[in-house]
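Taking it in order: structure first as structure tokens, then the write-up.
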Amino acid sequence: QVQLVESGGGSVQSGGSLRLSCATSGVRYSAYCLGWFRQAPGKEREGVAAIETDGHSMYSESVKGRFTISKDSAKNTLYLQMNSLKPEDTAVYYCAADYIGGGHCYNPLGGGHFGHWGQGTQVTVSS
């Protein structure tokens, strides 16, 4: 059974940093596409970053150069390092997993193929 649990959210001032963690169980990192998504009040869910089985990462234009996705298979943990945070980064952040076997992430920032989601962690950035 796949389970995902996010942590590390909180409140920070503009320009600050946070690192989100996603503890996983039942996820074989060599066979899953992993991603981070966010949803702000009144807005649609947005793909933030995703990482392939080989470590190749992808980012939305809004976070490219500021956020870094990484994973540690030995610790069964997915990370999102967020630097230079802006008020518009305020949202609930979710980690997600998509079983891809030996393939590649499919539309990783779209979210539609991810079958497993965490409960979310709130990130609030004040100006």
Side-chain angles (χ1 to χ4, degrees):
Q1 183 179 0
V2 174
Q3 290 188 325
L4 310 171
V5 180
E6 302 95 337
S7 62
S11 297
V12 65
Q13 288 191 327
S14 182
S17 298
L18 283 174
R19 187 176 80 158
L20 304 183
S21 297
C22 174
T24 67
S25 60
V27 174
R28 191 157 37 96
Y29 281 38
S30 59
Y32 279 79
C33 178
L34 301 173
W36 286 97
F37 297 80
R38 66 187 182 186
Q39 188 165 22
K43 295 188 176 182
E44 293 188 355
R45 184 184 64 198
E46 173 190 16
V48 174
I51 188 165
E52 297 263 19
T53 57
D54 63 1
H56 175 71
S57 56
M58 297 150 279
Y59 299 92
S60 67
E61 288 299 320
S62 61
V63 307
K64 195 174 292 184
R66 299 188 298 122
F67 290 12
T68 302
I69 188 171
S70 63
K71 58 182 179 177
D72 187 333
S73 57
K75 295 183 178 180
N76 293 315
T77 304
L78 175 71
Y79 301 99
L80 184 68
Q81 178 66 44
M82 306 186 295
N83 297 329
S84 302
L85 282 162
K86 305 175 182 179
E88 51 263 45
D89 294 318
T90 295
V92 177
Y93 284 71
Y94 301 89
C95 60
D98 177 27
Y99 177 78
I100 58 173
H104 292 279
C105 293
Y106 181 80
N107 190 22
L109 298 183
H113 286 266
F114 286 81
H116 307 283
W117 295 82
Q119 83 289 350
T121 186
Q122 176 70 47
V123 172
T124 303
V125 184
S126 58
S127 57

Pairwise side-chain contact, [X] with [Y], heavy-atom cut-off 4.5 Å (strictly under):
X: K71; Y: T77; answer: no
X: V123; Y: L20; answer: yes
X: T121; Y: V92; answer: no
X: T68; Y: M82; answer: no
X: L4; Y: E6; answer: no
X: L85; Y: L18; answer: yes
X: Y79; Y: I69; answer: no

Quiz item: Ignoring hydrogens and geometry, is there a side-chain-to-backbone donor-acceptor pair from S14 to S127 under 3.5 Å?
Solution: no
Quiz item: Within the distance-only criterion (no hydrogens, no angle test), does the side chain of S84 pair as donor or acceptor with the backbone N or O of G15 below 3.5 angstrom?
Solution: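 Here the side-chain-to-backbone pair does not exist.
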Tell me, please, which residues at least two apart from [X] pass side chain to side chain donor-acceptor pair (under 3.5 Å).
X: Q122; answer: T124
X: S7; answer: none
X: Q1; answer: none

Exercise. Determine, step by step, whether H116 and Q3 satisfy the side chain to side chain contact (heavy atoms under 4.5 Å, CB included) criterion, reporting the C-alpha distance in whole Å, the side-chain angles of both residues, the deciding distance to 0.1 Å, and the verdict.
Key: CA-CA 7 Å; H116 307 283; Q3 290 188 325; over 6 Å; no
Quiz prompt | Audit row: L78, D72, side chain to side chain contact (heavy atoms under 4.5 Å, CB included) steps and yes/no | solution = CA-CA 6 Å; L78 175 71; D72 187 333; over 6 Å; no
Quiz prompt | Any pair counted as disulfide bond (SG atoms under 2.5 Å apart), so long as it reaches residues 35-85, sequence neighbours left out | solution = none
Exercise. Please list all pairs passing the salt bridge (charged side-chain N to carboxylate O under 4.0 Å, His left out) test where one or both residues lie in residues 113-126, with sequence neighbours left out.
Key: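 For residues 113-126: none.
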Quiz prompt | side chain to side chain donor-acceptor pair (under 3.5 Å) contacts in which one or both residues fall within residues 19-33, not counting sequence neighbours | solution = T24-Y29
Practice problem: Enumerate the residue pairs fulfilling side chain to side chain donor-acceptor pair (under 3.5 Å) with a member in residues 93-103, sequence neighbours excluded, ordered by first and then second residue. | Solution: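 Matches after skipping sequence neighbours: R38-Y93.
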According to side-chain contact (heavy atoms from CB on, under 4.5 Å), who are the partners of [X], at least two apart in sequence or on a separate chain?
X: R45; result: F37, Q39, W117
X: S17; result: Q81, N83
X: A40; result: K43, A91

Practice problem: Can you run down the ring pair (Phe, Tyr, Trp, His ring centres under 6.0 Å) pairs that involve residues 52-78, sequence neighbours left out, and say none if there aren't any? | Solution: none
Practice problem: Give, for atom SG of C22 and atom CG of L34, the distance between the pair rounded to the nearest 0.5 Å. | Solution: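 Atom-to-atom, C22:SG and L34:CG are 7.5 Å apart.
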Side-chain polar contacts of residues 100-112 - donor-acceptor pairs under 3.5 angstrom, sequence neighbours left out - could you list them?
none

Self-check item: Test item: side-chain donor near acceptor, E46 and S62, under 3.5 Å
Solution: yes
